[in-house]
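Side-chain atoms are counted along with the backbone in the values below, which use heavy atoms only and exclude waters and symmetry mates.
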Amino acid sequence: MADTTGNTSDTGAPRDLDSAPRKSSWRYIGPGIVVAATGVGAGDLVATLIAGSNFGYTLLWAAVIGCLVKISLAEACGRWHLSTGRTLFDGWASLGRWTAWFFAIYAVIWGFVYGAAAMSSSALPLQALFPDVMGLEWWGIACGLVGLVFVWFNKYNVFEKVMTVLVGVMFVVTVYLAIRVTPNLGDAFAGLLPVIPDEKDSVLNTLGLIGGVGGTITLAAYGYWVNAKGWTHTGWMKVMRVDNRVAYATTGVFVIAMLLVGAELLHSANIAIASGDKGMIQLGDILEDEYGTATGKLFLIGFFATSFTSLIGVWHGVSLMFADFLARRRGEREARATELASGRRERSWSFRAYLLWLTFPPMILLFQDEPFRLIIIYGVLGAAFMPFLALTLIWLLNSSRTPREWRNGWLSNGMLTVAGLLFLVLCVKQVWDQDWAEFF
(Lines give C-alpha, C1' and ligand atoms only; values in the text may rest on other atoms or scores of the structure.)
Protein backbone atom coordinates (compact mmCIF):
# COMPACT_ATOMS: atom_id res chain seq x y z
CA MET A 1 0.00 0.00 0.00
CA ALA A 2 1.19 3.53 -0.68
CA ASP A 3 2.46 6.00 1.88
CA THR A 4 -0.80 6.88 3.57
CA THR A 5 0.37 10.25 4.80
CA GLY A 6 0.14 11.52 1.24
CA ASN A 7 3.38 13.45 1.94
CA THR A 8 6.75 12.95 0.29
CA SER A 9 8.99 14.83 2.70
CA ASP A 10 11.31 12.78 4.85
CA THR A 11 12.65 15.51 7.12
CA GLY A 12 10.93 14.69 10.37
CA ALA A 13 12.29 14.42 13.88
CA PRO A 14 16.06 14.08 14.19
CA ARG A 15 17.26 10.58 13.62
CA ASP A 16 20.31 8.55 14.50
CA LEU A 17 21.31 7.27 11.07
CA ASP A 18 23.82 4.86 12.55
CA SER A 19 21.06 2.89 14.29
CA ALA A 20 18.51 2.87 11.47
CA PRO A 21 18.67 1.00 8.16
CA ARG A 22 19.28 2.97 4.98
CA LYS A 23 16.37 1.18 3.33
CA SER A 24 13.53 -1.11 4.37
CA SER A 25 14.24 -4.82 4.41
CA TRP A 26 12.25 -7.99 5.03
CA ARG A 27 14.76 -9.07 7.66
CA TYR A 28 13.64 -6.27 9.99
CA ILE A 29 9.95 -7.22 10.16
CA GLY A 30 8.53 -8.45 13.46
CA PRO A 31 5.91 -6.26 15.16
CA GLY A 32 3.63 -6.78 12.15
CA ILE A 33 3.73 -10.55 12.62
CA VAL A 34 2.91 -10.04 16.29
CA VAL A 35 -0.08 -7.77 15.65
CA ALA A 36 -1.42 -10.07 12.91
CA ALA A 37 -1.22 -13.11 15.18
CA THR A 38 -2.74 -11.34 18.17
CA GLY A 39 -5.55 -9.65 16.26
CA VAL A 40 -6.84 -12.78 14.53
CA GLY A 41 -8.48 -15.03 17.11
CA ALA A 42 -10.55 -18.18 16.72
CA GLY A 43 -13.78 -16.19 16.90
CA ASP A 44 -12.63 -14.00 14.00
CA LEU A 45 -11.91 -17.03 11.83
CA VAL A 46 -15.30 -18.53 12.67
CA ALA A 47 -17.00 -15.27 11.66
CA THR A 48 -15.22 -15.53 8.30
CA LEU A 49 -16.18 -19.19 7.97
CA ILE A 50 -19.82 -18.32 8.63
CA ALA A 51 -19.66 -15.54 6.02
CA GLY A 52 -18.36 -18.09 3.53
CA SER A 53 -20.96 -20.67 4.50
CA ASN A 54 -23.82 -18.15 4.21
CA PHE A 55 -22.77 -16.19 1.12
CA GLY A 56 -20.14 -18.31 -0.64
CA TYR A 57 -17.46 -16.14 -2.24
CA THR A 58 -19.68 -13.07 -2.48
CA LEU A 59 -18.04 -11.18 0.41
CA LEU A 60 -14.41 -11.94 -0.41
CA TRP A 61 -13.98 -8.29 -1.43
CA ALA A 62 -15.16 -7.17 2.04
CA ALA A 63 -12.43 -9.23 3.73
CA VAL A 64 -9.81 -7.57 1.51
CA ILE A 65 -11.20 -4.07 2.23
CA GLY A 66 -11.09 -4.86 5.95
CA CYS A 67 -7.36 -5.58 5.74
CA LEU A 68 -6.71 -2.31 3.88
CA VAL A 69 -8.65 -0.31 6.49
CA LYS A 70 -6.61 -1.83 9.29
CA ILE A 71 -3.32 -1.23 7.47
CA SER A 72 -4.19 2.48 7.69
CA LEU A 73 -5.07 2.31 11.40
CA ALA A 74 -1.92 0.42 12.38
CA GLU A 75 0.27 2.62 10.17
CA ALA A 76 -1.14 5.70 11.90
CA CYS A 77 -0.35 4.23 15.33
CA GLY A 78 3.21 3.39 14.30
CA ARG A 79 3.69 6.79 12.65
CA TRP A 80 2.61 8.59 15.83
CA HIS A 81 5.13 6.65 17.95
CA LEU A 82 8.02 7.13 15.52
CA SER A 83 7.41 10.76 14.55
CA THR A 84 6.87 12.10 18.07
CA GLY A 85 8.86 9.75 20.30
CA ARG A 86 5.72 9.65 22.44
CA THR A 87 3.39 6.75 23.07
CA LEU A 88 -0.21 6.57 21.94
CA PHE A 89 -1.56 6.93 25.45
CA ASP A 90 0.59 10.03 25.88
CA GLY A 91 -1.18 11.41 22.81
CA TRP A 92 -4.60 10.45 24.13
CA ALA A 93 -3.85 12.13 27.45
CA SER A 94 -3.15 15.38 25.59
CA LEU A 95 -6.74 15.32 24.29
CA GLY A 96 -8.28 15.52 27.75
CA ARG A 97 -8.88 13.58 30.95
CA TRP A 98 -11.88 11.79 29.43
CA THR A 99 -9.47 9.55 27.49
CA ALA A 100 -7.91 8.35 30.75
CA TRP A 101 -11.32 7.51 32.20
CA PHE A 102 -12.33 5.64 29.06
CA PHE A 103 -9.11 3.64 28.94
CA ALA A 104 -9.11 2.85 32.67
CA ILE A 105 -12.66 1.48 32.64
CA TYR A 106 -12.04 -0.33 29.37
CA ALA A 107 -8.79 -1.93 30.53
CA VAL A 108 -10.25 -3.20 33.81
CA ILE A 109 -13.57 -4.63 32.52
CA TRP A 110 -12.34 -5.73 29.08
CA GLY A 111 -9.27 -7.39 30.58
CA PHE A 112 -11.32 -9.34 33.13
CA VAL A 113 -13.72 -10.81 30.58
CA TYR A 114 -11.17 -11.22 27.79
CA GLY A 115 -8.84 -13.13 30.10
CA ALA A 116 -11.47 -15.83 30.60
CA ALA A 117 -12.38 -15.88 26.90
CA ALA A 118 -8.73 -16.26 25.81
CA MET A 119 -8.04 -19.07 28.27
CA SER A 120 -11.22 -20.90 27.26
CA SER A 121 -10.46 -20.50 23.55
CA SER A 122 -6.94 -21.91 24.01
CA ALA A 123 -8.29 -24.78 26.10
CA LEU A 124 -10.90 -26.00 23.60
CA PRO A 125 -8.50 -27.49 21.01
CA LEU A 126 -6.30 -29.00 23.74
CA GLN A 127 -9.28 -30.76 25.30
CA ALA A 128 -10.31 -32.02 21.85
CA LEU A 129 -6.79 -33.31 21.20
CA PHE A 130 -6.37 -34.83 24.69
CA PRO A 131 -9.93 -35.52 25.93
CA ASP A 132 -8.98 -37.82 28.81
CA VAL A 133 -6.31 -35.66 30.44
CA MET A 134 -8.40 -33.02 32.27
CA GLY A 135 -11.47 -30.83 31.99
CA LEU A 136 -11.87 -27.69 29.91
CA GLU A 137 -11.59 -25.36 32.92
CA TRP A 138 -8.26 -26.85 33.99
CA TRP A 139 -6.88 -26.68 30.46
CA GLY A 140 -7.88 -23.02 30.48
CA ILE A 141 -6.09 -22.38 33.75
CA ALA A 142 -2.99 -24.16 32.43
CA CYS A 143 -2.99 -21.97 29.29
CA GLY A 144 -3.36 -18.82 31.37
CA LEU A 145 -0.49 -19.79 33.66
CA VAL A 146 1.80 -20.72 30.77
CA GLY A 147 1.02 -17.37 29.13
CA LEU A 148 1.70 -15.54 32.41
CA VAL A 149 5.05 -17.24 33.03
CA PHE A 150 6.16 -16.82 29.42
CA VAL A 151 5.40 -13.09 29.24
CA TRP A 152 6.62 -12.42 32.80
CA PHE A 153 10.11 -13.85 32.22
CA ASN A 154 10.75 -12.93 28.59
CA LYS A 155 11.31 -9.60 26.90
CA TYR A 156 10.05 -8.56 23.49
CA ASN A 157 12.71 -10.26 21.33
CA VAL A 158 11.91 -13.76 22.64
CA PHE A 159 8.18 -13.02 22.57
CA GLU A 160 8.41 -12.03 18.89
CA LYS A 161 10.30 -15.21 17.93
CA VAL A 162 7.72 -17.47 19.58
CA MET A 163 4.86 -15.55 17.97
CA THR A 164 6.56 -15.94 14.58
CA VAL A 165 6.74 -19.73 15.00
CA LEU A 166 3.06 -19.91 15.97
CA VAL A 167 2.12 -17.71 13.01
CA GLY A 168 4.01 -20.15 10.79
CA VAL A 169 1.85 -22.97 12.15
CA MET A 170 -1.32 -20.93 11.55
CA PHE A 171 -0.20 -20.09 8.02
CA VAL A 172 0.59 -23.70 7.06
CA VAL A 173 -2.70 -25.01 8.45
CA THR A 174 -4.98 -22.37 6.93
CA VAL A 175 -3.33 -22.50 3.50
CA TYR A 176 -3.38 -26.31 3.56
CA LEU A 177 -7.11 -26.31 4.32
CA ALA A 178 -7.82 -23.77 1.59
CA ILE A 179 -6.00 -25.97 -0.94
CA ARG A 180 -7.54 -29.17 0.45
CA VAL A 181 -11.13 -28.05 -0.17
CA THR A 182 -10.25 -27.36 -3.85
CA PRO A 183 -11.62 -23.83 -4.24
CA ASN A 184 -13.35 -22.68 -7.42
CA LEU A 185 -10.88 -19.99 -8.48
CA GLY A 186 -13.27 -18.46 -11.01
CA ASP A 187 -15.91 -17.89 -8.34
CA ALA A 188 -13.25 -16.69 -5.90
CA PHE A 189 -12.00 -13.99 -8.29
CA ALA A 190 -15.62 -13.01 -8.97
CA GLY A 191 -15.94 -12.49 -5.20
CA LEU A 192 -13.50 -9.58 -5.44
CA LEU A 193 -16.24 -7.53 -7.15
CA PRO A 194 -18.06 -5.39 -4.55
CA VAL A 195 -21.49 -7.02 -4.37
CA ILE A 196 -23.76 -7.05 -1.32
CA PRO A 197 -25.95 -10.18 -0.92
CA ASP A 198 -29.67 -9.65 -1.36
CA GLU A 199 -30.63 -10.89 2.09
CA LYS A 200 -31.88 -9.45 5.38
CA ASP A 201 -29.19 -7.54 7.34
CA SER A 202 -26.68 -8.22 4.56
CA VAL A 203 -25.31 -4.65 4.72
CA LEU A 204 -24.57 -4.93 8.44
CA ASN A 205 -23.13 -8.42 7.96
CA THR A 206 -20.83 -7.01 5.27
CA LEU A 207 -19.71 -4.14 7.49
CA GLY A 208 -19.16 -6.61 10.31
CA LEU A 209 -16.87 -8.72 8.13
CA ILE A 210 -14.89 -5.64 7.07
CA GLY A 211 -14.47 -4.45 10.64
CA GLY A 212 -14.36 -7.70 12.55
CA VAL A 213 -11.22 -9.66 11.72
CA GLY A 214 -8.07 -8.31 13.33
CA GLY A 215 -9.84 -5.25 14.70
CA THR A 216 -9.15 -5.00 18.43
CA ILE A 217 -7.08 -3.05 20.94
CA THR A 218 -4.06 -4.88 19.50
CA LEU A 219 -4.09 -2.36 16.63
CA ALA A 220 -3.29 0.32 19.22
CA ALA A 221 -0.62 -1.95 20.74
CA TYR A 222 1.21 -2.01 17.40
CA GLY A 223 3.03 1.27 18.13
CA TYR A 224 4.17 -0.11 21.49
CA TRP A 225 5.60 -3.22 19.82
CA VAL A 226 7.31 -1.01 17.23
CA ASN A 227 9.12 0.81 20.06
CA ALA A 228 9.81 -2.41 21.97
CA LYS A 229 11.52 -3.71 18.82
CA GLY A 230 13.95 -0.78 19.14
CA TRP A 231 12.40 1.43 16.47
CA THR A 232 12.18 4.82 18.18
CA HIS A 233 12.47 7.54 15.51
CA THR A 234 11.62 8.44 11.93
CA GLY A 235 14.64 6.63 10.53
CA TRP A 236 12.57 3.47 10.96
CA MET A 237 9.46 4.83 9.24
CA LYS A 238 9.90 2.97 5.93
CA VAL A 239 10.69 -0.27 7.75
CA MET A 240 7.59 0.14 9.90
CA ARG A 241 5.41 0.60 6.81
CA VAL A 242 6.75 -2.56 5.18
CA ASP A 243 6.28 -4.42 8.46
CA ASN A 244 2.69 -3.16 8.75
CA ARG A 245 1.83 -4.27 5.21
CA VAL A 246 3.22 -7.71 5.98
CA ALA A 247 0.97 -7.81 9.06
CA TYR A 248 -2.24 -7.32 7.15
CA ALA A 249 -1.14 -9.32 4.12
CA THR A 250 -0.73 -12.19 6.61
CA THR A 251 -4.14 -11.42 8.10
CA GLY A 252 -5.56 -11.37 4.58
CA VAL A 253 -4.19 -14.86 3.91
CA PHE A 254 -5.86 -16.20 7.07
CA VAL A 255 -9.17 -14.51 6.29
CA ILE A 256 -9.32 -15.48 2.61
CA ALA A 257 -8.26 -19.08 3.36
CA MET A 258 -11.01 -19.54 5.94
CA LEU A 259 -13.59 -17.88 3.71
CA LEU A 260 -12.65 -20.37 0.96
CA VAL A 261 -13.11 -23.23 3.43
CA GLY A 262 -16.50 -21.85 4.45
CA ALA A 263 -17.60 -21.36 0.84
CA GLU A 264 -16.48 -24.78 -0.42
CA LEU A 265 -16.91 -27.06 2.58
CA LEU A 266 -19.92 -25.52 4.34
CA HIS A 267 -21.82 -23.43 1.78
CA SER A 268 -21.84 -26.12 -0.93
CA ALA A 269 -23.07 -28.76 1.55
CA ASN A 270 -25.46 -26.35 3.34
CA ILE A 271 -23.79 -27.03 6.70
CA ALA A 272 -24.25 -24.54 9.55
CA ILE A 273 -21.81 -24.12 12.42
CA ALA A 274 -22.10 -22.24 15.72
CA SER A 275 -20.60 -18.78 16.12
CA GLY A 276 -17.63 -18.33 18.42
CA ASP A 277 -14.95 -20.79 19.41
CA LYS A 278 -17.24 -23.85 19.50
CA GLY A 279 -17.73 -23.44 15.77
CA MET A 280 -14.02 -24.27 15.37
CA ILE A 281 -14.53 -27.59 17.18
CA GLN A 282 -17.47 -28.35 14.88
CA LEU A 283 -15.33 -27.56 11.85
CA GLY A 284 -12.65 -29.92 13.16
CA ASP A 285 -15.21 -32.74 13.32
CA ILE A 286 -16.42 -31.94 9.79
CA LEU A 287 -12.86 -31.92 8.44
CA GLU A 288 -12.11 -35.24 10.15
CA ASP A 289 -15.21 -36.86 8.64
CA GLU A 290 -14.46 -35.43 5.19
CA TYR A 291 -10.67 -35.71 4.92
CA GLY A 292 -9.54 -38.06 7.67
CA THR A 293 -8.16 -37.96 11.20
CA ALA A 294 -4.82 -36.39 10.27
CA THR A 295 -6.48 -33.34 8.73
CA GLY A 296 -8.79 -32.97 11.74
CA LYS A 297 -5.86 -33.12 14.18
CA LEU A 298 -3.79 -30.70 12.10
CA PHE A 299 -6.68 -28.26 12.16
CA LEU A 300 -6.91 -28.47 15.96
CA ILE A 301 -3.18 -27.68 16.21
CA GLY A 302 -3.76 -24.62 14.03
CA PHE A 303 -6.78 -23.70 16.18
CA PHE A 304 -4.58 -23.80 19.28
CA ALA A 305 -1.87 -21.68 17.63
CA THR A 306 -4.51 -19.12 16.63
CA SER A 307 -5.98 -18.91 20.14
CA PHE A 308 -2.72 -18.99 22.08
CA THR A 309 -1.09 -16.25 19.99
CA SER A 310 -4.06 -14.02 20.83
CA LEU A 311 -3.65 -14.88 24.52
CA ILE A 312 0.06 -14.12 24.87
CA GLY A 313 -0.22 -11.19 22.46
CA VAL A 314 -2.80 -9.46 24.64
CA TRP A 315 -0.94 -10.48 27.82
CA HIS A 316 2.11 -8.63 26.47
CA GLY A 317 0.74 -5.76 24.36
CA VAL A 318 -2.12 -4.54 26.52
CA SER A 319 0.06 -4.88 29.63
CA LEU A 320 2.55 -2.52 27.94
CA MET A 321 -0.28 -0.06 27.29
CA PHE A 322 -1.51 -0.32 30.88
CA ALA A 323 2.01 0.25 32.24
CA ASP A 324 2.24 3.36 30.05
CA PHE A 325 -1.17 4.53 31.31
CA LEU A 326 -0.07 4.27 34.95
CA ALA A 327 3.25 5.97 34.21
CA ARG A 328 1.35 8.92 32.75
CA ARG A 329 -0.97 8.99 35.77
CA ARG A 330 2.09 9.13 38.06
CA GLY A 331 3.14 12.30 36.31
CA GLU A 332 5.84 11.09 33.93
CA ARG A 333 5.97 13.52 31.01
CA GLU A 334 9.10 12.57 29.08
CA ALA A 335 8.95 10.80 25.74
CA ARG A 336 8.74 7.08 26.33
CA ALA A 337 9.73 5.44 23.04
CA THR A 338 13.24 4.84 24.35
CA GLU A 339 11.81 3.57 27.65
CA LEU A 340 9.88 0.90 25.75
CA ALA A 341 12.92 0.04 23.64
CA SER A 342 15.03 -0.50 26.77
CA GLY A 343 12.70 -3.24 28.06
CA ARG A 344 12.25 -1.55 31.43
CA ARG A 345 8.49 -1.32 30.95
CA GLU A 346 8.28 -5.12 30.66
CA ARG A 347 9.93 -5.45 34.07
CA SER A 348 7.81 -2.80 35.78
CA TRP A 349 5.37 -3.60 38.58
CA SER A 350 2.49 -2.04 36.62
CA PHE A 351 3.13 -4.30 33.60
CA ARG A 352 3.18 -7.35 35.82
CA ALA A 353 0.18 -6.21 37.86
CA TYR A 354 -1.96 -6.10 34.70
CA LEU A 355 -0.57 -9.51 33.70
CA LEU A 356 -1.88 -10.87 37.00
CA TRP A 357 -5.23 -9.15 36.43
CA LEU A 358 -5.56 -10.81 33.02
CA THR A 359 -4.71 -14.23 34.46
CA PHE A 360 -6.09 -14.90 37.93
CA PRO A 361 -9.42 -13.06 38.45
CA PRO A 362 -10.82 -14.29 35.07
CA MET A 363 -10.31 -17.90 36.21
CA ILE A 364 -13.47 -17.42 38.30
CA LEU A 365 -15.48 -17.10 35.07
CA LEU A 366 -14.18 -20.45 33.81
CA PHE A 367 -16.17 -22.21 36.53
CA GLN A 368 -19.44 -20.29 36.28
CA ASP A 369 -21.74 -18.57 33.84
CA GLU A 370 -20.42 -15.21 32.75
CA PRO A 371 -22.20 -12.38 34.63
CA PHE A 372 -24.82 -10.90 32.31
CA ARG A 373 -24.39 -7.20 33.11
CA LEU A 374 -20.62 -7.44 32.90
CA ILE A 375 -20.82 -9.07 29.47
CA ILE A 376 -23.06 -6.27 28.18
CA ILE A 377 -20.64 -3.60 29.44
CA TYR A 378 -17.74 -5.59 27.95
CA GLY A 379 -19.49 -5.77 24.57
CA VAL A 380 -20.27 -2.04 24.51
CA LEU A 381 -16.76 -1.02 25.57
CA GLY A 382 -15.21 -3.36 23.03
CA ALA A 383 -17.40 -1.93 20.25
CA ALA A 384 -16.57 1.65 21.29
CA PHE A 385 -12.79 1.20 21.28
CA MET A 386 -12.26 1.04 17.51
CA PRO A 387 -14.15 4.28 16.67
CA PHE A 388 -12.33 5.86 19.63
CA LEU A 389 -8.99 4.76 18.13
CA ALA A 390 -9.79 5.93 14.58
CA LEU A 391 -11.20 9.32 15.58
CA THR A 392 -8.44 10.16 18.07
CA LEU A 393 -5.78 9.23 15.50
CA ILE A 394 -7.36 11.70 13.06
CA TRP A 395 -7.27 14.33 15.81
CA LEU A 396 -3.66 13.66 16.83
CA LEU A 397 -2.19 13.31 13.34
CA ASN A 398 -3.74 16.50 11.98
CA SER A 399 -2.64 18.72 14.87
CA SER A 400 0.54 20.44 16.01
CA ARG A 401 1.17 17.47 18.32
CA THR A 402 2.63 15.72 15.27
CA PRO A 403 5.63 17.18 13.35
CA ARG A 404 4.34 18.74 10.15
CA GLU A 405 6.22 16.31 7.89
CA TRP A 406 4.42 13.34 9.42
CA ARG A 407 0.87 14.64 9.67
CA ASN A 408 -1.90 12.97 7.74
CA GLY A 409 -2.24 13.47 4.02
CA TRP A 410 -5.48 13.12 2.10
CA LEU A 411 -5.17 9.34 1.75
CA SER A 412 -4.60 8.66 5.43
CA ASN A 413 -7.38 11.06 6.44
CA GLY A 414 -9.72 9.36 4.00
CA MET A 415 -8.92 5.85 5.21
CA LEU A 416 -9.12 6.80 8.89
CA THR A 417 -12.44 8.57 8.30
CA VAL A 418 -13.83 5.49 6.57
CA ALA A 419 -12.57 3.36 9.47
CA GLY A 420 -14.07 5.70 12.05
CA LEU A 421 -17.49 5.73 10.36
CA LEU A 422 -17.43 1.96 9.83
CA PHE A 423 -16.64 1.20 13.45
CA LEU A 424 -19.10 3.83 14.67
CA VAL A 425 -21.91 2.08 12.76
CA LEU A 426 -20.83 -1.28 14.19
CA CYS A 427 -20.67 0.25 17.68
CA VAL A 428 -24.22 1.60 17.39
CA LYS A 429 -25.42 -1.81 16.16
CA GLN A 430 -23.68 -3.54 19.08
CA VAL A 431 -25.28 -1.16 21.60
CA TRP A 432 -28.67 -1.52 19.92
CA ASP A 433 -28.51 -5.33 19.96
CA GLN A 434 -27.84 -5.55 23.70
CA ASP A 435 -30.69 -6.77 25.91
CA TRP A 436 -30.96 -3.57 27.94
CA ALA A 437 -34.36 -4.52 29.37
CA GLU A 438 -32.68 -7.38 31.25
CA PHE A 439 -29.76 -5.17 32.26
CA PHE A 440 -31.77 -2.85 34.55
Side-chain angles (χ1 to χ4, degrees), residues 39-71 170 173-216 248-287 289-291 299 302-303 306 383 386 418-419 421-423 425-430 432-433:
V40 180
D44 298 314
L45 295 185
V46 170
T48 310
L49 275 170
I50 291 174
S53 68
N54 289 340
F55 306 116
Y57 294 104
T58 306
L59 293 181
L60 184 59
W61 65 272
V64 174
I65 293 294
C67 291
L68 293 177
V69 166
K70 293 176 198 96
I71 283 176
M170 293 168 60
V173 171
T174 53
V175 171
Y176 166 76
L177 292 178
I179 296 171
R180 193 75 172 84
V181 299
T182 317
N184 185 318
L185 295 181
D187 289 347
F189 282 117
L192 294 174
L193 297 174
V195 175
I196 296 178
D198 187 18
E199 295 186 25
K200 182 182 178 182
D201 293 333
S202 59
V203 173
L204 289 174
N205 287 332
T206 302
L207 293 178
L209 182 61
I210 294 173
V213 180
T216 68
Y248 283 95
T250 305
T251 300
V253 170
F254 296 149
V255 171
I256 291 170
M258 296 310 285
L259 193 139
L260 296 180
V261 173
E264 289 295 339
L265 186 64
L266 305 179
H267 181 70
S268 58
N270 198 26
I271 299 172
I273 61 172
S275 61
D277 299 337
K278 292 183 179 178
M280 295 287 270
I281 295 295
Q282 287 180 268
L283 179 61
D285 294 337
I286 294 167
L287 287 168
D289 292 340
E290 190 74 20
Y291 301 111
F299 170 75
F303 177 9
T306 301
M386 292 302 289
V418 168
L421 293 174
L422 164 68
F423 290 115
V425 169
L426 294 175
C427 177
V428 171
K429 180 180 182 295
Q430 178 81 359
W432 182 267
D433 288 345

Return the minimal non-hydrogen interatomic distance between Asn184 and Tyr57, and the atom names on each side. N-OH, 3.2 Å
Which heavy-atom pair separates Ala419 from Val69 by the least distance, and what is that distance? CB-CG1, 3.5 Å
Shortest non-hydrogen contact between Ala178 and Leu260, atoms and distance: CB-CD1, 4.1 Å
CG/Asp433 to NZ/Lys429 distance, rounded to the nearest 0.5 angstrom? 4.0 Å
Report yes if some heavy atom in the side chain of Val173 is under 4.5 Å from a heavy atom in the side chain of Phe303; otherwise report no. no
Closest non-hydrogen atoms of Ser53 and Leu266, given as atom of the first, atom of the second and distance, are CB-CB, 3.5 Å
Quick one: closest heavy-atom pair of Lys70 and Phe423, and the distance? CE-CZ, 4.3 Å
What is the distance from atom CG of Leu421 to atom CG of Leu426, rounded to the nearest 0.5 Å? 11.0 Å
Just how far is it from atom CD of Glu290 to atom CG of Asp285, taken to the nearest 0.5 Å? 13.0 Å
Check against side chain to side chain contact (heavy atoms under 4.5 Å, CB included), Ile273 and Ile286: CA-CA 10 Å; Ile273 61 172; Ile286 294 167; 4.0 Å; yes
Which distance, rounded to the nearest 0.5 Å, do you find between the CG of Leu177 and the CD of Glu264? 13.0 Å
Which heavy-atom pair separates Val255 from Thr48 by the least distance, and what is that distance? O-CG2, 3.2 Å
Walk me through whether Leu287 and Leu265 qualify under side chain to side chain contact (heavy atoms under 4.5 Å, CB included). CA-CA 9 Å; Leu287 287 168; Leu265 186 64; 3.6 Å; yes
Are side-chain heavy atoms of Thr206 and Pro197 found at a separation under 4.5 Å? yes
Gap between atom CE of Met258 and atom CG of Leu45 - 0.5 Å precision: 5.0 Å
CG/Leu49 to CG/Asn54 distance, rounded to the nearest 0.5 angstrom? 10.5 Å
Stepwise side chain to side chain contact (heavy atoms under 4.5 Å, CB included) check, Phe299 with Met280: CA-CA 9 Å; Phe299 170 75; Met280 295 287 270; 3.9 Å; yes
Kindly indicate whether the side chain of Trp61, heavy atoms from C-beta on, has any atom under 4.5 Å from the side chain of Ile196. yes
